[in-house]
Amino acid sequence: MSNGVSTSTDKNVVDLTRAHRNRAATKAVRTTRERLQSSQGISPAFDVEILGMHITATLQGAAVIPALLLLVAGFGSYFTSQPEFFVWALFGLTMHALGIIVVKRAARTEITPQNQKRWRHILLLAQVAMGSCWAVFALQDCTACDQTAFLFYKGGVLLLALSITAMATMLLRQAVLVSFLPTVIALSYVAASGHRMLDLGLTTVFTTALIFFIYITNRLHQANLKLLSFQTEKDDLIAELEVANSLSDEARRRAEEANMAKSRFLASMSHELRTPLNAILGFSEVMATEVLGPLNNPLYKEYAGDIHRSGKHLLELINEILDLSRIEAGKYELNEESVSLLELAEDCIGMIQLRAKSKNIRIEEQFEMNLPSVWADEKAMRQVILNLLSNAVKFTPQGGEIRVKAGWTAGGGQYVSIRDNGPGIPEDEIPVVLSAFGQGSIAIKSAEQGTGLGLPIVQAILAKHGGEFKLKSKLREGTEVIAILPSNRVLESLPAVSEVRAVEPRRRQFA
């Protein structure tokens with residue numbers, strides 16, 4: 001047998017082989033696993049996305065650092081009367097401008113998992129250049145002003161710069177460390193050379209703040225990684241679900257088309273199947289009854305009877321299959337009219353009475369009188385009641401009893417209930433019995449086998465009427481089936497119109 005894909009038009013609609021079905025899902029799962037199982041906890045794809053987010057955030061907040069540098073230089077020059085702060089601000093603006101140029105170039109370049117490490121090192125070098133500006137600020141001194149006030153001013157500026165830089169570069173790993181490590185070195189040099197406790201205290205406080213902000217930025221970086229990972233997993237799952245959903249819809253569509261084609265075929269084969277079968281039944285009946293003369297061999301007569309019985313059983317099976325197929329194909333049209341359920345039930349009991357007497361089965365009727373008519377298809381409802389009565393007679397043992405009820409439902413509809421004292425149906429086999437060609441195990445052993453289409457046809461016909469079918473059964477106690485028609489099918493009789501005097505038409509006048 002060839003393993004290749006069929007080239008027929010129907011198969012070209014979608015390739016349902018296992019490899020095709022699982023390709024998209026396997027790719028999504030493999031990508032997710034690569035992202036979650038990298039050596040550093042993140043994958044190169046995540047590194048690229050995180051680096052792109054850092055570049056975007058840096059460009060959006062590019063004006064914050066220049067504003068800070070100008071404010072620091074303005075306040076420093078005003079309080080210390082030293083113009084060197086503007087020279088320092090010019091140096092800081094130059095370093096910041098170089099860093100923005102590098103970031104813009106990175107934004108114009110397509111960052112891939114192959115070159116993302118190189119770009120991350122370049123951006124870290126830009127942060128080192130900017131950090132040298134704050135190291136130069138840490139080396140500043142003021143001999144003409146109060147040393148304590150200037151020390152508090154310098155410490156406040158450095159802590160403010162540290163916090164702003166930490167928030168701006170939290171998506172770039174190790175950026176805070178490389179940016180302010182030169183500043184720590186500068187403060188340590190000033191404290192060691194000056195031998196002042198305030199300088200030592202500032203160095204200690206700033207170093208502690210740097211360690212704290214490094215910890216905070218690492219936690220924020222990990223949190224962003226987790227959010228990005230969850231978002232990616234969600235996108236992968238959505239893509240996988242969409243692929244599975246499309247395949248499921250296509251498979252369901254193909255199954256529905258195949259089912260409809262089968263139903264249309266069977267529904268259109270009514271004449272082709274029944275015509276030869278009716279001929280078989282007619283000729284076998286003529287031979288069995290010896291209409292044209294006696295058969296020389298009695299065995300031929302027995303064979304003719306067997307042919308007639310088998311043909312009759314086959315005709316019943318074909319009729320039920322065709323009925324069910326017409327219902328599934330949507331070709332089963334209801335010919336609705338005013339029908340009395342009581343009269344239908346009585347007629348069906350009369351038709352089945354002969355079979356019941358042959359098994360010594362008693363049929364008891366319990367009908368509510370004066371039931372109004374219902375709007376239904378008489379032939380279809382007769383088929384429903386006959387199918388239910390035939391099943392009851394078939395599965396009721398010798399000398400059993402069948403009870404037929406008809407009356408009102410609690411919702412204002414009407415019902416027909418048929419209860420027997422046969423072997424019953426196990427609870428786990430009820431769904432099997434209600435399915436097409438389904439039969440209970442105990443019923444098969446204790447009675448003649450049927451087609452298994454009677455109850456599905458009953459359900460389909462009642463569904464066409466908007467009704468409901470219920471089956472209640474207990475093992476070794478019997479079975480009860482109930483056919484229910486809704487209240488909107490019940491015809492209400494209107495009271496007679498009392499005699500009233502007709503209104504005389506108004507005479508019209510023309511000018």
Side-chain angles (χ1 to χ4, degrees), residues 54 58 64-66 68-73 75-77 79-80 82-100 102-103 117 120-221:
H54 166 72
T58 302
V64 176
I65 295 299
L68 177 63
L69 293 175
L70 293 177
L71 286 175
V72 170
F75 279 108
S77 300
F79 287 111
T80 62
Q82 292 181 359
E84 290 84 358
F85 280 99
F86 285 105
V87 178
W88 167 81
L90 181 60
F91 171 70
L93 290 174
T94 303
M95 294 296 102
H96 181 69
L98 291 175
I100 294 299
V102 172
V103 172
K117 187 176 293 185
R120 190 168 68 86
H121 291 162
I122 294 174
L123 294 176
L124 287 176
L125 288 177
Q127 292 297 324
V128 172
M130 190 62 206
S132 63
C133 169
W134 298 112
V136 172
F137 180 80
L139 295 174
Q140 297 295 321
D141 194 9
C142 181
T143 57
C145 57
D146 186 4
Q147 293 294 323
T148 304
F150 182 75
L151 195 65
F152 275 104
Y153 168 72
K154 184 166 63 174
V157 170
L158 290 176
L159 290 175
L160 181 61
L162 174 61
S163 61
I164 292 176
T165 305
M167 293 297 103
T169 61
M170 64 179 179
L171 297 175
L172 185 64
R173 287 179 295 158
Q174 302 174 353
V176 179
L177 176 62
V178 300
S179 296
F180 287 93
L181 186 59
T183 304
V184 173
I185 296 174
L187 289 176
S188 301
Y189 172 76
V190 171
S193 61
H195 301 287
R196 291 182 298 184
M197 291 299 298
L198 290 177
D199 291 333
L200 182 61
L202 176 60
T203 304
T204 304
V205 170
F206 186 80
T207 304
T208 305
L210 177 61
I211 295 173
F212 173 74
F213 275 105
I214 290 174
Y215 172 76
I216 291 296
T217 52
N218 284 335
R219 293 297 300 270
L220 291 176
H221 187 269

Taking atom [atom1] of [X] and atom [atom2] of [Y], what is their separation to the nearest 0.5 Å?
{"X": "Arg219", "Y": "Thr217", "atom1": "CZ", "atom2": "OG1", "result": "11.5 Å"}
{"X": "Leu69", "Y": "Trp88", "atom1": "CG", "atom2": "CH2", "result": "5.0 Å"}
{"X": "Leu123", "Y": "Leu172", "atom1": "CG", "atom2": "CG", "result": "6.0 Å"}
{"X": "Leu162", "Y": "Thr183", "atom1": "CG", "atom2": "OG1", "result": "8.5 Å"}
{"X": "Ile65", "Y": "Leu70", "atom1": "CD1", "atom2": "CG", "result": "11.5 Å"}
{"X": "Gln127", "Y": "Ser132", "atom1": "CD", "atom2": "OG", "result": "11.0 Å"}

Closest non-hydrogen atom pair between [X] and [Y], with its separation:
{"X": "Ala126", "Y": "Gly99", "value": "CB-CA, 4.0 Å"}
{"X": "Leu124", "Y": "Arg173", "value": "CD2-O, 3.5 Å"}
{"X": "Ala186", "Y": "Ala135", "value": "CB-O, 3.6 Å"}
{"X": "Gly76", "Y": "Tyr153", "value": "N-OH, 3.2 Å"}
{"X": "Thr203", "Y": "Ser188", "value": "CG2-OG, 3.6 Å"}

Do [X] and [Y] come within less than 4.5 Å of each other through their side chains, counting heavy atoms only?
{"X": "Leu202", "Y": "Leu187", "answer": "yes"}
{"X": "His96", "Y": "Ile100", "answer": "yes"}
{"X": "Phe212", "Y": "Ile216", "answer": "yes"}

* When you look at Lys154 and Leu158, which way does the side chain to side chain contact (heavy atoms under 4.5 Å, CB included) test go after all the steps? -> CA-CA 6 Å; Lys154 184 166 63 174; Leu158 290 176; 4.2 Å; yes
* **Phe91 atom CZ, neighbour heavy-atom count above 12 within 6.0 Å** => yes
* Just wondering, are more than 12 heavy atoms of other shown residues or ligands nearer than 6.0 Å to CZ in Arg196? -> yes
* Evaluate the side chain to side chain contact (heavy atoms under 4.5 Å, CB included) criterion for residues Leu139 and Val190: first the C-alpha distance (whole Å), next the side-chain angles of each, then the deciding distance (0.1 Å), finally the verdict. => CA-CA 7 Å; Leu139 295 174; Val190 171; 3.8 Å; yes
